Amino acid sequence: MPKTFDTLQILLIQARDTEDIEQQEQVCFLERCRIEASQLRTVNVPHEPLTEAHLQGVDALLIGGAGEYSATKDYPWMQGLLTFIRTADAQNLPIFGSCWGHQLLCRAFGGTVEHDAAQAEFGCLEVELTEAGRQDPLFHGFPDRFKANMGHHDRCTVLPPGAVELARNSQPNQAFRLGARPVYGTQFHSELDAKREEERLIRYQDYYQHELGTGGFDAILASLAETTEVDHLLHAFLERYVVSPAPADA
């Protein structure tokens, strides 16, 4: 039976220790995907065992951010999560990772993720498509340069074998696709518009002010702007690879 947006079932992997941000992140993905709460299944991996049964009846896998966790570290549940991601890919499930999710995809398929606090990115920053990005089915309608919301200390320094860099700025690998498969990662937060980014930053303001100082934190808040193209990206991903896949994507 053909899929429609009102019949989709999406699995969101989270890694959150604060209930309010866990719920806020779910709302962000619902808004950007344009689906109802009943269509979103969630697993908070530090607190809930992850099994292949979570993939049953799922049309796409999304992986969010993780304020308290690093993709560079080996938590007790990390290897199981990386295996789960590879299993989802083996089942030809469309996968999209945002920020921490982007880094997990990189690591799961053989790339390198490093902690790099000296090049941390926060706020709304400009990103530029690569030539491959301009030709990509998901990004080809984007302008060459666009704004995106950031918040990370870790980054993908080496992409997995066969992965294609789609976007960069002063740092490489701001977005990639895993070969020709419907597996995408964005280092920027594809689930956050300016309002939701502000909410997230303010929730963690004690941490950011300690790291950046009050002036630096205020400058980040002042940098926030609408990210029109990115705001449509998750919905376009589901449209392209789940609801109306081209023959080559099916």
Side-chain angles (χ1 to χ4, degrees), residues 32 63-67 69-73 96-107 109-136 138-178 183-194 196-198 200-201 204-205 207-234 237:
R32 301 281 75 77
I63 312 171
Y69 298 95
S70 169
T72 67
K73 296 184 178 180
F96 194 109
S98 175
C99 194
W100 183 71
H102 164 88
Q103 297 157 8
L104 283 179
L105 291 176
C106 181
R107 183 175 174 184
F109 295 104
T112 301
V113 182
E114 296 182 9
H115 181 71
D116 189 359
Q119 297 194 67
E121 293 180 303
F122 301 103
C124 189
L125 302 174
E126 192 170 79
V127 178
E128 182 176 1
L129 291 179
T130 64
E131 180 58 33
R134 289 190 283 272
Q135 302 299 320
D136 182 77
L138 192 57
F139 282 90
H140 77 279
F142 275 48
D144 285 351
R145 292 180 177 85
F146 59 94
K147 291 183 176 180
N149 289 312
M150 307 275 192
H152 66 96
H153 294 87
D154 300 341
R155 63 190 184 94
C156 301
T157 55
V158 180
L159 290 181
V164 179
E165 183 191 41
L166 302 176
R168 56 167 46 228
N169 52 16
S170 60
Q171 298 181 18
N173 309 325
Q174 290 287 349
F176 74 87
R177 182 179 182 179
L178 197 62
V183 179
Y184 285 85
T186 62
Q187 182 58 79
F188 47 88
H189 280 279
S190 293
E191 82 282 11
L192 294 180
D193 61 10
R196 297 302 186 187
E197 170 85 346
E198 182 178 40
R200 190 79 58 87
L201 288 169
Y204 289 116
Q205 66 180 319
Y207 170 77
Y208 288 127
Q209 285 179 341
H210 174 75
E211 180 178 9
L212 302 168
T214 300
F217 179 74
D218 289 346
I220 288 171
L221 288 181
S223 79
L224 298 179
E226 294 304 320
T227 55
T228 306
E229 293 81 20
V230 177
D231 288 351
H232 300 288
L233 189 57
L234 285 168
F237 171 77

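Scope of the values below: all heavy atoms of this structure, side chains included, with no hydrogens, waters or symmetry mates. Quick caveat, the model's predicted, so the values are computed rather than measured.
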Separation of H232 NE2 from R32 CZ (nearest 0.5 Å): 8.5 Å

Ring geometry between Y184 and F139 (parallel below 30°, tilted from 30 to 60°, perpendicular above 60°): tilted

Answer yes or no: is there a donor N or O on one side and an acceptor on the other, between the side chain of T130 and the main chain of L166, under 3.5 Å? yes

Sub-3.5 Å donor-acceptor pair from the side chain of Q119 to the main-chain atoms of Q171, do we have one? no

Can you see which heavy atom on T72 is nearest to which on V113, and at what distance? CG2-O, 3.6 Å

E128 side-chain N/O to R168 backbone N/O, donor-acceptor pair under 3.5 Å: no

Which value, rounded to the nearest 0.5 Å, describes the distance between I220 atom CD1 and E121 atom CD? 11.0 Å

Does a side-chain heavy-atom distance below 4.5 Å link F237 with T186? no

Only residue of E191, R155, H189 satisfying side chain to side chain contact (heavy atoms under 4.5 Å, CB included) with C99 is H189

Would you say L201 and L221 make side-chain contact, with heavy atoms under 4.5 Å? yes

Where do P160 and C106 come nearest, in terms of heavy atoms and distance? CG-O, 3.4 Å

Is there a donor-acceptor pair closer than 3.5 Å between any side-chain N or O of R107 and the backbone N or O of A71? yes

I'd like to know if E131 pairs up with R134 as an ion pair, taking the criterion as any Lys NZ or Arg NE/NH1/NH2 lying under 4.0 Å from an Asp or Glu carboxylate oxygen. yes

Would you sort out whether H102 and F176 count as a ring-ring contact (aromatic ring centres under 6.0 Å, His included), showing the intermediate values? CA-CA 8 Å; H102 164 88; F176 74 87; 5.1 Å; yes

Taking all heavy atoms of V127 and all of A167, pick out the closest pair and write down the distance. CG1-CB, 3.5 Å

Does F122 reach the side chain of H153, with side-chain heavy atoms less than 4.5 Å apart? yes

Heavy-atom side-chain proximity of C124 to E197 below 4.5 angstrom: no

Quick one about Q187 and Q103 (side-chain donor to acceptor, distance below 3.5 Å, no hydrogens or angles considered), yes or no? yes

Side chain to side chain contact (heavy atoms under 4.5 Å, CB included) with T227: of N149, L125, L192, only one passes, and it is N149

Taking the side chain as every heavy atom from C-beta outward, state whether L178 and L105 have any atom pair closer than 4.5 Å. no

Intermediate values then yes/no, side chain to side chain contact (heavy atoms under 4.5 Å, CB included), L233 and F188: CA-CA 11 Å; L233 189 57; F188 47 88; 4.3 Å; yes

Begin from the C-alpha positions of F146 and L129 and carry the test side chain to side chain contact (heavy atoms under 4.5 Å, CB included) through to its verdict. CA-CA 8 Å; F146 59 94; L129 291 179; 3.8 Å; yes

Closest non-hydrogen atom pair between W100 and S70, with its separation: NE1-C, 3.7 Å

Under 4.5 Å between any side-chain heavy atoms of R196 and D193, yes or no? yes

Under the criterion side chain to side chain contact (heavy atoms under 4.5 Å, CB included), I'd like the reasoning laid out for M150 against N169: C-alpha separation, chi angles, the key distance, then a yes or no. CA-CA 12 Å; M150 307 275 192; N169 52 16; 3.9 Å; yes

Which heavy atom of G123 sits nearest a heavy atom of L224, and at what distance? CA-CD2, 4.1 Å

Okay, side chain of S98, backbone of S190: is any donor-acceptor separation there less than 3.5 Å? yes

